[in-house]
2 protein chains.
Amino acid sequence: MTDDLVLRRQVCFALYAASRALTDVYRPILDEFGLTYPQYLVLLVLWERPDEAPTVSELGAELRLDSGTLSPLLKRLEGAGLVVRRRSARDERRVEVGLTEQGRALRERLCDVPMRIAQATGLGLGELVALRDTLTRVTDTIHRQKEQ
Amino acid sequence: MTDDLVLRRQVCFALYAASRALTDVYRPILDEFGLTYPQYLVLLVLWERPDEAPTVSELGAELRLDSGTLSPLLKRLEGAGLVVRRRSARDERRVEVGLTEQGRALRERLCDVPMRIAQATGLGLGELVALRDTLTRVTDTIHRQKEQ
DNA sequence: CACAATTAAGTTGTGCACAACTTATCGGAC
DNA sequence: GTCCGATAAGTTGTGCACAACTTAATTGTG
């Protein structure tokens, strides 16, 4: 019963440790491009819809990050010349984030990253898909509870 | 093929998102005790062997955190009166971390936390164990690769 | 014993995350 | 048109993570 407090038994620690371990795999790869993992995530969203120029809020909804995290991160991506920010014409509160030519071009240079990461996990494709779906289900369950 | 770059397909994002979502569940619970999640993890290790007073390095090996993270964290736990740090007698380089009476007592007040977290995931016990084991396997695989 | 290499903890600097707050704009009720 | 509440982004402050470095103690080798 109080054995529940043992570190190795806890899913949460396994999750926390695995998340950091995977980020460790990303780090040297992304370092070559001067990117951090959260910056890479922002680029992933932008690459998915290269002509939409989502707002900061829309990026945040996708990644579940708020402006307190995204504003300085986007400023750094802009400083690196990968992204442009511009106030929306019809709603001056919004800031639209678009890719520069350089940011667009980076996509092809990073397209083999997911495969390299998948290999590092040591899991098969089926296991990876199952793991992803379980984790997504957990995340969605938690967020659904939070909204009530 | 380049669809591999889609955010929702990536295990890593699922992992990153799930880890943060679970920390969100912990936050209000641990807040009542003035703890953060990493601080709680340190206490978990200390509760497991309450009479050993592990060194900073030993804590770090267990949690995979370095002194750059642990030193200030332990200083805060000491400030909160939950932990004491003392230089080892036989090796003055080492710092041993022990529980105070207050830190020891906290264990009982937090013993129902794992169950509350498990419920928030929406997963059954079997799924939780399977998830934990898969994640632990991934983490171990990555760390084994890193050592070579 | 001397001293170079190693080890342990701490410090500094950068970049997330997130809470709490501020500023500016927008939309609706009147 | 005016004002009030809501919304969007940014700012500030705290606490991780982690790289790179510093300081101090210890170990190993000649």
Side-chain angles (χ1 to χ4, degrees), chain A residues 12-13 16-28 30-31 33-43 53-61 63-80 83 85-97 143 146, chain B residues 13 16-28 30-31 34-43 53-61 63-80 83 85-97 143 146:
Chain A
C12 305
F13 176 70
Y16 165 78
S19 180
R20 283 192 300 130
L22 264 185
T23 305
D24 277 354
V25 181
Y26 272 106
R27 191 168 297 110
L30 295 178
D31 243 15
F33 302 91
L35 292 174
T36 64
Y37 180 64
Q39 290 168 11
Y40 168 73
L41 289 179
V42 167
L43 291 178
T55 64
V56 174
S57 295
E58 284 162 354
L59 282 174
L63 300 170
R64 298 206 171 268
L65 293 170
D66 65 7
S67 67
T69 301
L70 285 175
S71 287
L73 188 157
L74 290 169
K75 201 180 286 182
R76 284 186 282 271
L77 280 181
E78 191 172 43
V83 141
R85 293 187 298 167
R86 51 179 177 275
R87 288 276 164 189
S88 162
R90 30 179 133 55
D91 187 343
E92 291 275 340
R93 291 173 304 178
R94 293 166 185 260
V95 167
E96 295 166 344
V97 182
H143 288 135
K146 185 147 297 186
Chain B
F13 176 70
Y16 164 79
S19 181
R20 283 193 299 130
L22 264 186
T23 305
D24 277 355
V25 181
Y26 272 106
R27 191 168 297 110
L30 295 179
D31 244 15
L35 292 174
T36 64
Y37 181 64
Q39 289 169 11
Y40 168 73
L41 290 179
V42 167
L43 290 178
T55 64
V56 174
S57 296
E58 284 162 355
L59 282 173
L63 300 170
R64 298 205 171 269
L65 293 171
D66 65 6
S67 68
T69 300
L70 285 175
S71 286
L73 188 157
L74 291 169
K75 201 179 288 181
R76 283 185 283 271
L77 279 181
E78 191 171 44
V83 142
R85 293 185 298 165
R86 52 178 175 276
R87 289 276 163 188
S88 162
R90 30 178 133 55
D91 188 341
E92 292 274 341
R93 291 171 304 177
R94 295 168 184 258
V95 168
E96 295 167 345
V97 182
H143 289 134
K146 184 146 295 185

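These figures come from a predicted structure and were not determined experimentally. To find a chain, count down the sequence lines: A is the first, B the second, and so on, and within it residues start at 1.
Atom CG in A:Asp66 sits about 7 Å away from atom P in C:dA19, given to the nearest Å. Between the C1' atom of C:dT11 and the CG atom of B:Leu73 lies a distance of 16 Å, rounded to the nearest Å. As a whole-Å value, the separation of A:Tyr26 OH from C:dC16 P is 15 Å. Summarising the geometry, the separation between CG on A:Asp91 and P on C:dT23 is reported as 20 Å, rounded to the nearest angstrom. Taking atom CG of residue A:Asp31 and atom C1' of nucleotide D:dC18, one finds them 11 Å apart after rounding to whole Å.
Side-chain contact between B:Val42 and B:Leu65 is absent, with no heavy-atom pair separated by less than 4.5 Å. Within the 4.5 Å cutoff, side-chain heavy atoms of B:Pro38 are placed close to those of B:Leu73. You'll find the side chain of B:Val97 stays beyond 4.5 Å of the side chain of B:Leu70, heavy atoms only.
Residue B:Thr55 is classed as a sugar-phosphate contact, given heavy-atom separations below 4.0 Å to backbone atoms only. Nucleic acid contact for A:Leu70: none, since no nucleic acid atom lies under 4.0 Å from a heavy atom of the residue.
Checked against C:dA24, D:dA17, D:dA9, the side chain of A:Val95 finds its nearest nucleotide in D:dA9. Picking from D:dA8, C:dA9, C:dA17 the nucleotide with the shortest atom distance to the side chain of B:Ser71 gives C:dA9. The B:Asp24 side chain lies nearest to C:dC18 when the options are C:dA8, C:dA17, C:dC18. Of the candidate nucleotides D:dC18, C:dT11, D:dA9, D:dA9 has the atom nearest to the side chain of A:Ser67.
Look at A:Arg85 and you'll find a side-chain N or O under 4.0 angstrom from OP1 or OP2 of D:dG10. Put simply, B:Arg27 has no side-chain N or O that comes within less than 4.0 Å of OP1 or OP2 on C:dA17. Residue A:Thr69 places no side-chain N or O under 4.0 Å from the OP1 or OP2 atom of C:dA17. Checking the phosphate oxygens (OP1, OP2) of D:dC16, a side-chain nitrogen or oxygen of B:Arg76 falls inside 4.0 Å. Under 4.0 angstrom from either OP1 or OP2 of D:dT14 there lies no side-chain N or O belonging to B:Lys75. Using a 4.0 Å cut-off, no side-chain N or O of B:Arg94 falls inside it from OP1 or OP2 of D:dT26. Distances shorter than 4.0 Å separate some side-chain N or O of B:Tyr16 from OP1 or OP2 on C:dA17.
Below 30°, between 30° and 60°, or above 60°: for A:Tyr16 and B:Tyr37 the angle between ring planes is above 60°, a perpendicular geometry.
A donor-acceptor pair under 3.5 Å is formed between the side chain of A:Arg20 and the backbone N or O of B:Arg64.
On a pure distance criterion of 3.5 Å, no polar donor-acceptor pair joins the side chain of A:Thr36 and the base of C:dG15.
If you find the closest nucleotide of DNA chain D to A:Ser57 and to A:Ala21, the one lying nearer the 5' end belongs to A:Ser57. Of the two residues contacting DNA chain C, namely B:Pro72 and A:Tyr37, the nearest-nucleotide position lying further toward the 5' end is that of B:Pro72. Place A:Thr23 and A:Arg87 on DNA chain D by their nearest nucleotides, and A:Arg87 ends up nearer the 5' end.
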* Can B:Thr23 and B:Thr36 be said to form a side-chain contact (heavy atoms from CB on, under 4.5 Å), step by step? -> CA-CA 9 Å; B:Thr23 305; B:Thr36 64; over 6 Å; no
